[in-house]
Amino acid sequence: RAESASVVVMDPYTGAVLSSASWPAYDANDFGATAARDPSRFMDPAVSSVYEPGSVMKALTSVAAIETGTATPSTVFQDEKVLVLDHGVTKVRNANLQSKGALTLTQALAFSRNVVFSKVALGLGATTQSAAERLYQTWERFGIGARTGVDLAGENQGLTNDPTRTRWRQIDLANASFGQGVATTLMQLAVAYSAMVNGGVLVRPRIVS
C-alpha cells in the first residue's frame, strides 16, 4: 500500500544507470492533462525527492567502524531491549522491542538491530562529538549530502546535519547510525552502495553513454 515507489539499477563499476523508474507515472502522450492536474509528477523522484533511508545506512556505520578499527565483522556486541542514552533522557529500541543477546557485527547487520548499531556508532570515538564526526566523515566519503552529478535535471543534495556545526547528542548519533535524522536521494544510495561493491570507487552516475 505504498503511495509511491522508485527503483534505480546501476552498474557499480561504471556508474551507468541501466534502468530507473518510478510510480505513480504519467502518460507522456497526455502531457497536458498531467500538467494541469499535477505538474509535480514531472519531477524525477530518484534524484529530486529525499527520504529518511533507515536501516540501509547501517552498512555505512559498519564501514565507519571497520575503517576506524573500532570493530570488525566478528566483533561481538550485546543486543538489548532498550538502550538508555543522554543520562536517561533518551532511549533506543529495536523494531521488535526485543533483544537477541550477543551478536557479531555481521549478525547485527543481518538482523538489523538498532541497539547494536547505536553502540557501534557511539564507539567510533572517545566522545560523542568525535564519534559523530567520524560517522559524518564516512557519509561524506560515500557522497551522502552532496549531488552525485548525474546528468538529470533537478537533483537534490539531500539533508544532513554536520556535527561540527551543530553538536549531536547521543540520541542524534544513535539515530544516525540506523538512518534516521538524515535524508538522501535514491541515486545517492545507489552510488554509495556501488562504492561498497566495486572496491571503494565513488562513481558518477550517468544516463547517457
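All values below were derived from every heavy atom in this structure, side-chain atoms included, with hydrogens, water molecules and symmetry-related copies excluded.
Not one N or O on the side chain of Arg206 forms a donor-acceptor pair closer than 3.5 Å with the backbone of Ala16. Remark: the backbone N or O of Glu155 is paired with a side-chain donor or acceptor of Arg147 at under 3.5 angstrom. No donor-acceptor distance shorter than 3.5 angstrom exists from the side chain of Glu140 to the backbone of Gly145, with no hydrogens or angles considered. Side chain of Arg41 to main chain of Ala25: a donor-acceptor pair is present (N/O by atom type, distance under 3.5 Å, no hydrogens or angles). In this structure a side-chain-to-backbone donor-acceptor pair under 3.5 Å is present from Thr68 to Ala65. In this structure, Glu52 contributes its side chain and Gln180 its backbone to no donor-acceptor pair below 3.5 Å. Put simply, the side chain of Trp168 never gets that close to the backbone of Asp162: no donor and acceptor are under 3.5 Å apart. A distance-only check finds a donor-acceptor pair linking the side chain of Asp151 to the backbone of Val208 [under 3.5 Å]. In this structure, the side chain of Asn198 engages the main chain of Ser194 through a donor-acceptor pair within 3.5 Å.
Separation of atoms NZ (Lys91) and CG (Leu83) is listed at 11.0 Å; rounding is to 0.5 Å. The CD1 atom of Ile207 sits 8.0 Å away from atom CG of Asp44, with the distance rounded to the nearest 0.5 Å. Residue Ile144 holds its CD1 atom at 9.0 Å from OG1 of Thr160, rounded to the nearest 0.5 Å. Annotation: the span from Arg169 atom CZ to Asn175 atom CG amounts to 8.5 Å, rounded to 0.5 Å. Of the inter-residue distances, the one linking Tyr136 atom OH with Leu60 atom CG reads 13.5 Å to the nearest 0.5 angstrom. For the atom pair Asn96 CG and Phe111 CZ, the distance stands at 10.5 Å (nearest 0.5 Å).
Residues Ser74 and Thr72 have side chains that bring a donor and an acceptor to within less than 3.5 angstrom of each other. Side-chain atoms of Ser112 and Ser55 form a donor-acceptor pair, as typed in the model, at a separation below 3.5 Å. A donor-acceptor pair shorter than 3.5 Å cannot be found between the side chains of Glu133 and Gln137. In the model, Lys100 has no side-chain atom that pairs as donor or acceptor with a side-chain atom of Asn94 under 3.5 Å.
Side chains of Pro24 and Ser4 form a contact here, defined as non-hydrogen atoms less than 4.5 Å apart. Arg93 has its side chain out of reach of Lys81: every pair of non-hydrogen atoms, C-beta onward, lies at least 4.5 Å apart. Contact of the Thr61 side chain with the Leu135 side chain is registered, since non-hydrogen atoms from C-beta on lie closer than 4.5 Å.
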Query raised in the report: Under the side-chain contact (heavy atoms from CB on, under 4.5 Å) criterion, do Val191 and Leu202 qualify, and how do the steps go?
Result: CA-CA 7 Å; Val191 169; Leu202 198 67; 3.6 Å; yes

Requested in this report: Take Val92 and Ile171, measure what side-chain contact (heavy atoms from CB on, under 4.5 Å) needs, and give me the verdict at the end.
Outcome: CA-CA 8 Å; Val92 170; Ile171 190 62; 3.6 Å; yes

Requested in this report: Check step by step if side-chain contact (heavy atoms from CB on, under 4.5 Å) holds for Leu105 and Ser62.
Outcome: CA-CA 8 Å; Leu105 179 61; Ser62 299; 4.1 Å; yes

**Report entry** Stepwise side-chain contact (heavy atoms from CB on, under 4.5 Å) test for Leu109 and Phe117
**Finding:** CA-CA 8 Å; Leu109 182 61; Phe117 276 90; 3.8 Å; yes

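Between Ser22 and the options Ser48, Ser49, Ser6, a side-chain hydrogen bond (donor to acceptor under 3.5 Å, both in side chains) holds for only Ser6.
One hydrophobic cluster, built from ILVMFWY side chains closer than 4.5 Å, cannot hold both Val7 and Leu189; they sit in different ones. Under the 4.5 Å side-chain heavy-atom criterion for grouping Ile, Leu, Val, Met, Phe, Trp and Tyr, Val56 is connected to Phe178 within one hydrophobic cluster. Linking Ile, Leu, Val, Met, Phe, Trp and Tyr residues whenever their side-chain heavy atoms come within less than 4.5 Å places Tyr193 and Val150 in a single cluster. Val197 and Phe142 end up in different hydrophobic clusters when Ile, Leu, Val, Met, Phe, Trp and Tyr side chains are linked at under 4.5 Å. Transitive grouping of hydrophobic side chains (ILVMFWY, heavy atoms separated by less than 4.5 Å) keeps Leu122 and Val120 in distinct clusters.
Contact between Ser20 and Val8 at its shortest, heavy atoms only, is OG-CG2, 3.9 Å. Leu85 and Ala174 make their closest contact through CD1-CB, 3.7 Å (heavy atoms, listed as atom of the first residue, atom of the second, distance). Closest approach of Trp23 and Ala2 over heavy atoms only: CZ3-O, 3.8 Å. Listed here is the closest heavy atom pair of Met43 and Pro45: O-CD, 3.2 Å. In terms of heavy-atom proximity, Val76 sits nearest to Ala102 at CG1-CB, 3.8 Å. Minimum heavy-atom separation, Val17 to Pro205: CG2-CB, 4.1 Å.
Phe42 and Phe31 have their aromatic ring centers within a separation under 6.0 angstrom.
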Would you be so kind as to tabulate the donor-acceptor pairs closer than 3.5 Å made by side chains of residues 181-188, with sequence neighbours excluded?
{"from": "Thr185", "atom 1": "OG1", "to": "Gln188", "atom 2": "N", "distance (Å)": "3.0"}
{"from": "Gln188", "atom 1": "OE1", "to": "Thr185", "atom 2": "N", "distance (Å)": "3.1"}
{"from": "Gln188", "atom 1": "NE2", "to": "Ala146", "atom 2": "O", "distance (Å)": "2.8"}
{"from": "Gln188", "atom 1": "NE2", "to": "Gln157", "atom 2": "O", "distance (Å)": "2.8"}

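Residues forming a side chain to side chain donor-acceptor pair (under 3.5 Å) with Glu67 (at least two apart in sequence, or on another chain): Arg141.
Heavy-atom contacts from other residues, nucleotides or ligands closer than 6.0 Å to CZ of Arg167 number 12 or fewer.
A salt bridge links Arg113 with Asp79: the distance from a Lys NZ or Arg NE/NH1/NH2 to an Asp or Glu carboxylate oxygen falls below 4.0 Å.
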